[in-house]
Each structure stands twice: as C-alpha cells, then as structure tokens.
Amino acid sequence: MANRGPSYGLSREVQEKIEQKYDQDLENRLVDWIILQCGEDLEHPSPGRTNFQNWLMDGTVLCKLINSLHPTGQEPIPKISESKMAFKQMEQISQFLKAAEIYGVRTTDIFQTVDLWEGKDMAAVQRTLMALGSLAVTKDDGCYRGEPSWFHRKAQQNRRGFSEEQLRQGQNVIGLQMGSNKGASQSGMTGYGMPRQIM
C-alpha cells in the first residue's frame with residue numbers, strides 16, 4: 001500500500017463516493033464463486049473491503065481464476081508466481097487484466113492495477129469480476145463452476161435477414177421520425193422581424 005496522508009475536501013468527498021459503491025453482499029458472492037471456480041484449497045478471507053483487497057492483491061487468486069475458465073492446457077497464464085515482491089504482484093494483476101480482456105470482458109469494465117493494489121476503487125474490482133462471471137455463464141463452455149443464478153447472462157446476437165424486396169419496400173415508407181405536415185399550413189403567419197399585431 002502506498003504511504004499517503006489523509007485526504008481532505010473534494011478529494012475526500014470523491015473517495016467517500018467511490019467507497020459507497022462497494023457492495024458487501026456482492027463481495028460474499030464473488031468470494032464464494034472464486035473459491036468454487038478455482039477448486040483449490042483457497043482460504044476464505046474475513047469479510048470486509050480491506051480483507052478482500054489483501055486476498056486478491058498478490059494476483060495469484062486472480063490468475064488461478066482466469067486459468068480455471070479455460071480448458072486444461074489452454075490456460076492464458078502458464079506460470080503463477082508466489083513472489084512477495086511488489087512489482088511481481090502488480091505484474092500478475094496486469095496479466096490477469098490482459099487475459100480477462102482477451103476472454104471478452106469489455107475494456108470499460110476492467111479496473112486499473114492501482115484500483116486493487118492501492119485499494120483506490122474496490123467497487124471497480126467487483127465490477128470486473130462480475131463482468132467476468134457473466135461472460136463465463138454466457139459462454140456456457142463447461143468451464144464455469146458455480147450457480148448460474150449468481151451472474152446474469154449477457155444478451156446474445158440476434159441477426160435479422162431481409163430480402164431485397166423487403167428492403168426496397170422499406171425505402172418507400174416515410175418514417176414517423178421524419179415528421180408529418182398533415183393539416184399544417186402557414187396561413188395567418190406574419191413575416192419574420194415584424195412586431196406582434198395586437199388588435
């Protein structure tokens with residue numbers, strides 16, 4: 001963690017708003033899913049934002065999680081380091097984020113390394129893990145372990161095919177967005193710039 005003094009004024013207000021977005025119930029669900037998904041003897045962290053951060057901070061749990069979402073032999077992170085050096089741990093978090101993006105998590109849903117490492121925005125970490133879980137449920141490739149109801153499925157593509165004739169007919173229809181001049185006329189209008197006539 002970085003050695004920073006207390007924040008004041010606007011900085012403090014912004015940090016408080018970010019901290020209010022953190023969801024304790026979501027934390028419990030994510031911890032349960034990660035432990036079930038990894039299938040290893042991961043210790044269950046004590047409840048709380050700081051304990052959740054410390055549990056994920058070295059990057060090993062995150063790397064095991066993303067590897068467990070791939071078939072055996074196709075893991076995106078071949079070597080997971082148990083190093084206590086800060087730059088190695090931050091590198092592992094970055095590897096997880098890159099692998100999550102390749103897996104299909106949108107760039108806008110991915111947290112920054114410092115959000116987790118310094119505990120700046122743990123709600124963003126939760127959002128990334130939720131997006132990853134939703135994607136795993138949606139893919140339904142047999143690698144997801146856990147309750148399907150823990151995450152919502154993402155919408156699937158629904159392509160529509162139109163024949164040439166249907167497309168031609170659509171060109172002849174005036175859409176309602178174009179407006180209508182039915183019953184409209186300019187009778188009684190005065191020219192622009194003339195004063196209002198009061199009788």
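What you see is a predicted model, and the numbers here were worked out from it, not measured in a lab.
The side-chain heavy atoms of Gln89 and Gln92, taken from C-beta on, include no pair separated by under 4.5 Å. Annotation: side chain of Val125 is not in contact with side chain of Leu30 (no heavy-atom distance under 4.5 Å). Side chains of Asp115 and Thr128 form no contact here, defined as non-hydrogen atoms less than 4.5 Å apart. Contact check for Trp117 versus Gln53: no side-chain heavy atoms found under the 4.5 Å cut-off. Contact of the Met130 side chain with the Arg29 side chain is registered, since non-hydrogen atoms from C-beta on lie closer than 4.5 Å.
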- Message: Let's go through Ile93 and Asp58 carefully: what are the C-alpha distance in whole Å and the side-chain angles of both, what is the deciding distance for side chain to side chain contact (heavy atoms under 4.5 Å, CB included) to 0.1 Å, and is it a yes or a no?
- Response: CA-CA 7 Å; Ile93 295 170; Asp58 64 355; over 6 Å; no
- Evaluate side chain to side chain contact (heavy atoms under 4.5 Å, CB included) for Glu91 paired with Ser81, printing each intermediate quantity in order. CA-CA 10 Å; Glu91 183 180 15; Ser81 171; over 6 Å; no
- Task: Test side chain to side chain contact (heavy atoms under 4.5 Å, CB included) on Leu97 and Leu62 and set out the steps.
- Result: CA-CA 9 Å; Leu97 295 174; Leu62 294 173; over 6 Å; no
- Message: With side chain to side chain contact (heavy atoms under 4.5 Å, CB included) as the criterion, how do His44 and Trp55 come out once you've worked through the C-alpha distance, each side chain's angles and the decisive distance to 0.1 Å?
- Response: CA-CA 9 Å; His44 202 286; Trp55 188 55; over 6 Å; no
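Checked for salt-bridge contact, Arg106 and Asp109 meet the test: a charged N lies under 4.0 Å from a carboxylate O.
In this structure, Glu164 places its CD atom where only 12 or fewer heavy-atom neighbours from other residues, nucleotides or ligands lie under 6.0 Å away. Heavy-atom neighbours of Gln112 CD from other residues, nucleotides or ligands within 6.0 Å: at or below the threshold of 12.
At least one test fails for Lys120 against the ring of Phe111: distance under 6.0 Å to the centre or angle within 45° of the axis.
If you check the side chains of Glu101 and Thr107, you find a donor sitting under 3.5 Å from an acceptor.
Taken together through direct or relayed side-chain contacts under 4.5 Å among Ile, Leu, Val, Met, Phe, Trp and Tyr, Val31 and Leu26 form part of one hydrophobic cluster.
The residue from Leu69, Ile102, Asn67 that alone fulfils the side chain to side chain contact (heavy atoms under 4.5 Å, CB included) condition with Pro76 is Asn67.
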